[in-house]
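Just so it is clear, the values below take in all heavy atoms, side chains as well, and ignore hydrogens, waters and symmetry mates. Quick note on labels: first sequence line is chain A, next is B, and so on, each numbered from 1.
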There are 2 protein chains.
Amino acid sequence: MARRKILEAAWAVAREQGLAALTLRGIADRVGMKAPSLYSHFESKHAIYDAMLGASWTEFLKRTRTVTLPDSPRAALSTIARTFFDFATEDLARHQLMNLRTIPGFTPSEASYAPAVAALSEMVERVRALGVEVSDADIDLYTALVGGLVDQQWANDPGGTRWARLLDRAMDMYADNLDLPREDP
Amino acid sequence: MARRKILEAAWAVAREQGLAALTLRGIADRVGMKAPSLYSHFESKHAIYDAMLGASWTEFLKRTRTVTLPDSPRAALSTIARTFFDFATEDLARHQLMNLRTIPGFTPSEASYAPAVAALSEMVERVRALGVEVSDADIDLYTALVGGLVDQQWANDPGGTRWARLLDRAMDMYADNLDLPREDP
DNA sequence: GTCTATAGTTTGATAGAC
DNA sequence: GTCTATCAAACTATAGAC
């Protein structure tokens, strides 16, 4: 399908030159078309961004669903954090699209953002099913902590492990704050 | 001085329309000049960004220097975090400029970035002077935590207090992780 | 120092032939 | 669906008169 090829080309350009450098001509060149032809498949440039965003969150949602959580609440929180951290540090363009507001004038459609909401709420449900009572504030602190590690990793050590190495410690710190029981006494 | 008026106009435009929307015409219009005239005062548009960045970090450095830290290490960490958090949530355009890489092709000059480095290292020194031994990893975790709270605040509750309210708890959590003594037993 | 004029690009988007 | 041709607009930056 043409839509699929166009989106693949868009990802390739975004990865090579940055998300902000994405242009219709650049996409069209790579896919062997002329820029106006893209309008037969997408309503606008923002529609392409939106499709990319929706696909990204859908892929993340899919990945979270394939993850089996450990029974231990402490280990479960760590697994979830690692899943998000790895996904967010795999691809800068994707991270910018999903987690940063880097494109002026672009607001995601409700449909494209839905899997993002689903991914978070499903994870919260699964953690609660393990017997952990988490409040909204607990969740907010968690997202800030994991998101902060991701951002620092990208900003100050892209491709490295300087903040990735801190993830387990951060999760321990967080679990302690929730008064979760320790495995290894 | 003309330079100062231009920078003030640039800030005004950035606050109203976003940092990415900054144009030479927009700045010139506001200051009552024509766009090319700006080149008598700044070498390029990036030079304007750079001057804004330098001024921002210099202002932050100045503010940190006026802050008196409590003797208690735990309270000191909290004070530092609050100082940064407040500064970073006061002005979105400034935050984007200082802490995000939102302008394509713009890299800060060494001179403009120097006060940023100074602010961090001075704070670390002052904390160490209180008797707290902090490693590089400790600092990395700290910056990720505070920066993560700031980003979440801007992204999901701009102008609100949803993550601001979590700052004290986050600092307690962090201080616990450092095994700092509690004040109130 | 400030202006007019303009170069030189690049962009998203549309019209209409095929 | 894809193309050529083009629009209309925006931008940074430079040249040169005053």
d(CD1, B/I48; C1', D/dA13) in whole Å: 12 Å
Under 4.0 angstrom between B/S40 side-chain N/O and C/dT2 OP1 or OP2: no
Below 4.0 Å: OP1/OP2 of C/dG12 and any side-chain N or O of A/K45: yes
Value in whole Å for how far the P atom of D/dA13 lies from CZ of B/F42: 13 Å
Nearest-Å distance for atom pair OH/C1', residues A/Y39 and C/dA15: 13 Å
Separation of C/dG12 C1' from A/I103 CD1 (nearest whole Å): 15 Å
Donor-acceptor contact below 3.5 Å, side chain A/Q153 vs main chain A/W163: yes
Proximity to the side chain of A/H41 - top-ranked nucleotide from D/dT2, D/dA5, C/dT4: D/dT2
Rounded distance (Å) that lies between atom C1' of C/dT10 and atom CD of A/Q17: 14 Å
Selection from C/dG12, D/dT4, D/dT12 that lies nearest to any side-chain heavy atom of B/L24: D/dT12
Whole-Å gap separating C1' (D/dA17) and NZ (B/K34): 17 Å
Phosphate contact (D/dG1 OP1 or OP2) by A/S37 side-chain N/O below 4.0 Å: no
Residue pairs involving residues 164-173 of chain A (criterion salt bridge (charged side-chain N to carboxylate O under 4.0 Å, His left out); sequence neighbours excluded): A/R74-A/D172, A/R82-A/D168, A/R169-B/D138
Distance, rounded to the nearest Å, where A/R3 contributes CZ and D/dG1 contributes P: 11 Å
Phosphate OP1/OP2 of D/dT12: any B/H46 side-chain N/O under 4.0 Å: no
Sugar-phosphate, base or nothing in reach of A/L22, heavy atoms under 4.0 Å: sugar-phosphate
